[in-house]
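Data first, discussion second: the structure below is written as structure tokens.
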Amino acid sequence: MKASKFFFKTYKEVPKEAQTPSHILMHRAGMIQKLASGIYNYLPLALRALKKIENIIREELDKRGCQEVLMPAVQPAELWEESGRWKYYGPELLRFKDRKNSDYCLGPTHEEVVTDMARKILTSYKQLPLNIYQIQTKFRDEIRPRFGLMRGREFIMKDAYSFDISEEDAKESYKLMYEAYNAVFTRMNLKFKPVDAATGAIGGDMSHEFQVLAETGEDEILSCSKCSYCANIEKAVSGNELKKADLSKRKELAEVSTPGKKTIDEVSGFLKIEPAMLIKTIIYLVDDNPVAVLVRGNEEANEAKIQAFLGANAITPADDNTVKSVTGAEVGFAGPIGLKQKITIIADRQIYEDTGYACGANKTDYHITRVDPERDFTPAHVADITFAKEGDRCPNCKDGVLEKYRGIEVGQVFYLGKKYSAPMNCTFLDSTGKEQVAVMGCYGIGVSRTMASAIEQNHDDNGIIWPAAIAPFEAAVIPIQLNDEAVFGTAEKIYKNLITAGVDVFLDDRNERAGFKFNDADLIGFPLQIICGSRSIEKGKVEVKIRKTGEKKEIDIENITETIKDLLLTL
RNA sequence: CGGGAUGUAGCCUAGUGGCUAAGGCGCCUGCUUUGGGAGCAGGAGACCGAAGGUUCGAGUCCUUCUAUCCCGACCA
């Protein structure tokens, strides 16, 4: 491709809405344009990178027997009613009506459609295992789209779905996809970690996320310093030993007046006790039912763990009115003893490490002290519902400590079981002629997000540093003195030879000064720059600059094609 | 959805209630220049987010709407 005819434009200025490196650089390099909040045009540079990412995914999936299909972006409500998600999905699902007033939505994911597609064809166990995937535009009406392509409302996703005879087979399919994802991100030359993950609203009981490591990542990951344990902060478990409470210190309960003291800080300051010696009581709405959650005052409730433990679809902190009717007191005085309404109580296991806590009295302006969790109340559930922390023991090997990383979730694999196949009646006949429900898994890669995360992880002050495997172009030929026939002729010849050799190459034939072109090349991030200047060409050489290291080498013109191909293998 | 902020040319910004809305980047023409975002000269490009209102007079003040961004809860 010649620069003079290429549809792109670079910018020196940073648009004020762009905050994060990938967003700024994709805009400055002329890769994307915003059309609306969270909705972008992909210009040729971006599309080239996207296609490369897509092709790597295709190759790795096809190699493992997956088959590509294409499902519609527009989906009828009936299917979502069948799975039950029309009710549960919430406003993130963009719904609309057609001219006949029928309900439709833009697909945020395709479990319903793919299950429907599969059940129309699946009749026999002989057709399994089956794994079908697509690469397609998804729409999720995010509350807050941000960071350019990192969290768009419209985005490109590869989604795959496996169907198996049995749970054991389904877990094999899951493992195969786990391997495929490792292969995909390894080929893209990204630094990433597969991590244990919470399953969220999609459900199922086994899941891993693939996290590209980057400082700007929105997710926190805890990873063992010694073994391979690695988990999302939502899921990570502390391996620290629980202490045993010293019950000889038990004392009688006492009610104390704590006028206007509501927060942990206020109460612990007022009563002159450590925050850890308070039992924080938070009222949540779990699938619309109030639940009291108890954690030590120095801990945070981990909503993902609570949701997973209770097998709930949704969990949100209760509004003030609910809190008042449940506790009979103003917000800030809730406690496990003497709740006005009988509701489910779930306690973190750490509260049994001590005795003599303070907690709300369910009476405005009063707290109870000297509380002993074993003696004074009986929660319905005791579980790990707080966050593991950096420095905690590893729960797996008990030897290493947990280290914290930030990551961008670019892929996730889920074991679904029969969550969709059962309600949607996706069945087949087994070898004994008995009807069985297919066992499913689902597997996503955010394609556009992967592109953004590659930039997020690989850039410097001058621009993008593409891994060669997903760069829009592998190399740029940059002639310096355009009106010098020897220079321009050499550049064109190198360009043509590289194309013949199958290298994805860009010729910057624009009538601009050298510095201008160098800056653009650094910004766009070609892994290699082939600089053709009269000084080198007189010696039969050209300069090759490696974007990643900044290193420049003089290379004989006659060997240039081979040299470039060899260098690309290292990038 | 709660909290905060901002809408002036393709992009970044300036603009005390007062004449024809200013500058930089970018764009077009000409000359010059060609190894790290060149110089000179000329030129095009804005109903100042929208609608109301206050005022002799509104980019500037008020109201409503709308869009965008940032901080929180969701997700690839």
Side-chain angles (χ1 to χ4, degrees), chain A residues 9-20 23 27-28 30 33-39 89-93 108-110 135-160 181 197-202 207 209-212 218-219 232 234 284 303-304 307 314-317 319 407-414 442-453 462-463 478-484 487-488 510-523 529 531-537 542-543 545 550 552:
Chain A
K9 179 173 176 59
T10 56
Y11 300 87
K12 283 189 216 173
E13 280 115 351
V14 177
K16 58 178 173 235
E17 67 197 40
Q19 302 291 326
T20 166
H23 190 190
H27 183 272
R28 285 194 51 212
Q33 293 172 335
K34 188 178 71 183
L35 191 60
S37 178
I39 299 176
Y89 214 96
E92 203 179 303
L93 182 64
T109 176
H110 281 65
I135 296 174
Q136 193 235 24
T137 297
K138 296 278 186 277
F139 194 92
R140 294 183 188 174
D141 201 356
E142 294 274 350
I143 298 166
R144 183 148 95 85
R146 58 186 135 168
F147 304 151
L149 297 191
M150 295 293 286
R151 180 177 298 279
R153 293 194 293 169
E154 188 177 297
F155 59 98
I156 300 167
M157 177 164 150
K158 187 286 302 173
D159 46 326
Y181 278 26
T199 52
I202 294 183
S207 179
E209 289 167 352
F210 286 78
Q211 295 268 358
V212 166
E218 291 186 87
D219 287 352
N232 191 298
E234 290 183 336
Y284 277 97
E303 295 178 11
Q307 182 180 354
I315 173 166
T316 50
D319 55 281
I408 302 162
E409 183 192 344
V410 291
Q412 186 161 15
V413 292
F414 288 95
C442 74
Y443 317 91
I445 292 179
V447 175
S448 42
R449 181 185 280 183
T450 299
M451 175 169 73
S453 65
N462 298 324
I478 305 173
I480 303 297
Q481 299 84 8
L482 269 189
N483 43 14
D484 181 335
V487 169
F488 193 70
R510 293 176 297 175
N511 186 17
E512 295 288 350
R513 297 163 63 88
F516 184 91
K517 296 198 217 181
F518 291 151
N519 281 318
D520 264 1
D522 286 349
L523 173 61
Q529 296 170 19
I531 301 162
C532 304
S534 50
R535 290 198 312 239
S536 312
I537 284 173
V542 290
E543 265 172 84
K545 175 178 163 181
K552 284 183 185 172

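With both pairing distances under 3.5 Å, G2(B) is matched to C71(B) as a Watson-Crick or G-U wobble pair. Pairing partner, G37(B): none, since no Watson-Crick or wobble contact has both distances short of 3.5 Å.
For Tyr181(A), the ring pair (Phe, Tyr, Trp, His ring centres under 6.0 Å) criterion is met by Phe210(A), not counting sequence neighbours. Residues passing the side chain to side chain contact (heavy atoms under 4.5 Å, CB included) test with Gln481(A) are Asn483(A), Asp484(A), Val487(A), Ser534(A), sequence neighbours excluded. The ring pair (Phe, Tyr, Trp, His ring centres under 6.0 Å) test applied to Tyr11(A) returns His27(A), not counting sequence neighbours. Applying the side chain to side chain contact (heavy atoms under 4.5 Å, CB included) rule to Glu92(A) yields the partners Tyr89(A), Arg140(A), Glu142(A); only residues at least two apart in sequence or on another chain are considered.
Distance from the side chain of Phe518(A) is smallest to G36(B) among G37(B), A73(B), G36(B).
If you check every strand for non-hydrogen atoms under 4.0 Å, Gly533(A) touches a base.
Comparing C65(B) with C27(B), their P atoms sit 42 Å apart, to the nearest whole Å. Of the P atoms belonging to C40(B) and G24(B), the separation is 11 Å, rounded to the nearest Å. Here the separation of G4(B) from G59(B), taken at their P atoms, is 29 Å to the nearest Å. Between C56(B) and G43(B), the distance separating the two P atoms is 40 Å to the nearest Å. For the P atoms, the distance from C25(B) to G42(B) is 15 Å, rounded to whole Å.
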The contact string for nucleotides 25-30 of chain B, one letter per nucleotide 5' to 3', using protein heavy atoms under 4.0 Å with B, S and - for base, sugar-phosphate only and none, comes out as BS----
Contact string for nucleotides 40-45 of chain B, one letter per nucleotide 5' to 3', B = base within protein heavy-atom range under 4.0 Å, S = sugar-phosphate only, - = neither, reads ------
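In this entry the distance linking CG of Asp219(A) with P of A76(B) reads 10 Å, nearest Å.
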